[in-house]
Each structure stands twice: as C-alpha cells, then as structure tokens.
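Right, one structure below, let's go through it.
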Amino acid sequence: WITAGGSPVQQDWFNQGGSKEQLLARLRKGLGQFQEHAVPCPAGLQEAVLVEDFCFDACMSHFGLDWEKSKAARIRAGYAALCDIATRSEPQSMQVSEAKASPAETPRQRLVSGDSSGTSGEQGEPWLLKQHGDVLVQRLKVVKAAWIAAGGSSVQQDWFNQSGSKDQLLARLRKGLGQFQEHAVPCPAGLQEAVLVEDFCFDACMSH
C-alpha cells in the first residue's frame with residue numbers, strides 16, 4: 001500500500017493489535033483499499049497474502065517490498081501530518097507557562113502519571129520538570145508522531161495539545177504513552193524509555 005503510493009496517515013486498518021477476527025477484518029479491508037482509492041495493487045498480492053503456506057520473507061521478496069523502508073515512509077508521513085495538525089489547531093503562541101497546573105486538571109494529570117500526591121514529574125523521572133518546556137513539547141511530538149504512524153487516530157486527542165504548563169505537558173506525555181495499550185495500537189519497542197530519558201534528543205529519537 002505504502003510502496004504503491006497509498007497514504008499511510010489515518011489508516012485504521014494499519015492497527016496490528018487486537019483479536020484474530022479483528023486482524024483478519026483489517027487484512028481484508030486493506031486489500032479492498034487499493035480498488036476503493038484507485039491505488040495500483042501488485043498483481044497476485046491478494047492471493048499471496050491469503051495463501052495457506054504464507055511466508056513473510058518470501059512474499060516481501062517476491063513483490064520487491066522493504067518493510068523497514070515502508071515503516072520509515074510511514075513515520076515521515078505521520079510526522080508531516082502531525083506538523084500540519086499542529087499548524088492548523090494549535091494557538092499561535094506556543095510559549096510554555098511555568099505556572100502550576102490548574103486545580104481542575106490536576107486530578108486527571110496525577111491519575112495519568114500514577115502519582116497521587118506532589119508534582120507529577122517528580123515520580124520516576126525528576127529531571128522532566130527541570131528541563132525547559134520546549135523539550136517537553138519535543139518529547140510529546142515524538143509520541144504523537146509514533147501514535148499516528150502506528151495507526152492511532154489524530155482526531156479529538158486532547159493530549160495532542162502542546163501548550164500549557166510543564167505539569168500539563170507532562171500529563172499529556174504520560175497520557176499519550178498510555179493510549180497505545182488502552183486502544184491496542186502497536187507501540188514501538190523502547191518508545192517510553194526513549195522519550196522519558198534524561199539526555200533526550202529529538203532528532204535522534206525521531207530517526208531511531
């Protein structure tokens with residue numbers, strides 16, 4: 001699909017989590033997308049992926065497909081869409097307030113972070129609230145890009161908001177990380193550790 005020019009953004013059938021029935025339904029939906037969206041389908045693809053003695057490597061080789069390149073293209077497209085969403089939906093001012101989170105939002109933040117008392121960033125990763133707010137925004141951007149690239153919906157996601165205090169940004173970062181398991185969206189191995197590590201580097205993390 002990606003190699004043939006199909007859009008990798010907002011494709012719910014990309015989701016690799018769930019039951020066998022759900023996976024089979026997504027497989028069939030994916031095969032149907034070629035004709036529905038006039039994307040050229042490789043000859044024999046449907047038969048090859050549905051055959052009983054299916055072999056992943058042999059099938060990929062037969063059609064000249066590269067899984068790593070496809071994933072990379074999906075990440076790039078997901079991040080481009082993420083930037084577009086941010087441009088259209090975020091306030092013009094992206095300055096991060098140093099103020100504490102508002103009382104109305106604090107209970108939800110602490111539930112997300114797993115902290116019932118004190119500042120949410122002091123549990124597990126105390127350096128998070130000591131860094132500049134822009135770095136927290138960058139960490140959140142990585143999670144958002146990974147979420148979209150993995151097939152997560154970009155619609156009505158309150159944790160996509162990149163403005164607010166450090167406490168609010170950290171709460172959204174933790175909520176975003178929790179969404180993968182909650183909605184059975186495949187999470188890249190090591191993502192949580194990578195975006196919470198003290199010596200975080202945005203470009204290196206996105207590239208990885």
Side-chain angles (χ1 to χ4, degrees), residues 1-51 54-89 139-162 172-195 202 205-208:
W1 172 261
I2 295 175
T3 302
S7 173
V9 180
Q10 295 184 351
Q11 302 290 350
D12 56 359
W13 59 274
F14 274 27
N15 189 344
Q16 297 174 190
S19 64
K20 288 183 179 179
E21 291 77 10
Q22 291 173 317
L23 289 169
L24 181 56
R26 294 187 199 117
L27 173 62
R28 294 190 182 281
K29 180 175 181 178
L31 289 170
Q33 296 297 290
F34 289 90
Q35 182 174 352
E36 182 175 339
H37 295 280
V39 173
C41 181
L45 179 68
Q46 179 166 325
E47 295 77 5
V49 297
L50 296 179
V51 70
F54 170 81
C55 173
F56 176 77
D57 292 331
C59 196
M60 291 290 284
S61 175
H62 175 76
F63 292 103
L65 304 175
D66 188 306
W67 179 244
E68 294 303 322
K69 287 183 179 179
S70 296
K71 287 196 297 182
R74 186 180 181 188
I75 291 173
R76 288 194 298 270
Y79 186 63
L82 176 63
C83 292
D84 181 59
I85 291 169
T87 301
R88 289 184 282 106
S89 63
R139 294 175 188 269
L140 182 58
K141 283 181 177 179
V142 172
V143 178
K144 289 160 66 175
W147 170 261
I148 293 174
S153 172
S154 60
V155 180
Q156 295 183 342
Q157 300 290 350
D158 59 355
W159 60 275
F160 273 28
N161 190 344
Q162 296 173 190
R172 294 186 197 116
L173 176 62
R174 293 190 183 281
K175 180 174 182 178
L177 288 169
Q179 295 298 289
F180 290 90
Q181 182 175 353
E182 184 174 339
H183 295 281
V185 172
C187 181
L191 177 68
Q192 178 166 324
E193 295 78 3
V195 297
F202 177 76
C205 196
M206 290 291 289
S207 176
H208 176 76

For W1, what residues pass the side chain to side chain donor-acceptor pair (under 3.5 Å) criterion, not counting sequence neighbours?
-> none
Report yes if the side chains of N15 and Q22 come closer than 4.5 Å at any heavy-atom pair, otherwise no.
-> no
Which atom pair, heavy atoms only, marks the closest approach of P40 to A4?
-> O-CB, 3.2 Å
Distance-only donor-acceptor check, side chains Q162 and K144, under 3.5 Å | yes
What are the two closest heavy atoms between S7 and F14, and how far apart are they?
-> O-CZ, 4.4 Å
Taking every heavy atom of F54 against every heavy atom of A48, the minimum-distance pair comes out as CD1-O, 3.4 Å
Contacts of H183 that satisfy side chain to side chain contact (heavy atoms under 4.5 Å, CB included) - sequence neighbours left out = W147, Q179, V185
Sequence neighbours excluded, which residues qualify as side chain to side chain contact (heavy atoms under 4.5 Å, CB included) partners of S61?
-> none
Going through the checks in order, is the side-chain contact (heavy atoms from CB on, under 4.5 Å) test met by V143 and R172?
-> CA-CA 10 Å; V143 178; R172 294 186 197 116; over 6 Å; no
Taking every heavy atom of D12 against every heavy atom of K29, the minimum-distance pair comes out as OD1-NZ, 2.9 Å
Around atom CD of Q181, are there more than 12 heavy atoms of other residues, nucleotides or ligands at under 6.0 Å?
-> no
Partners meeting side chain to side chain contact (heavy atoms under 4.5 Å, CB included) with C187 (sequence neighbours left out) | F180, L191
OG1 of T3 to CG of D66: how many Å apart, nearest 0.5 Å?
-> 8.0 Å
Return the set of residues passing side chain to side chain contact (heavy atoms under 4.5 Å, CB included) with L50 (not counting sequence neighbours), or none when no residue passes.
-> L27, R28, L31, Q46
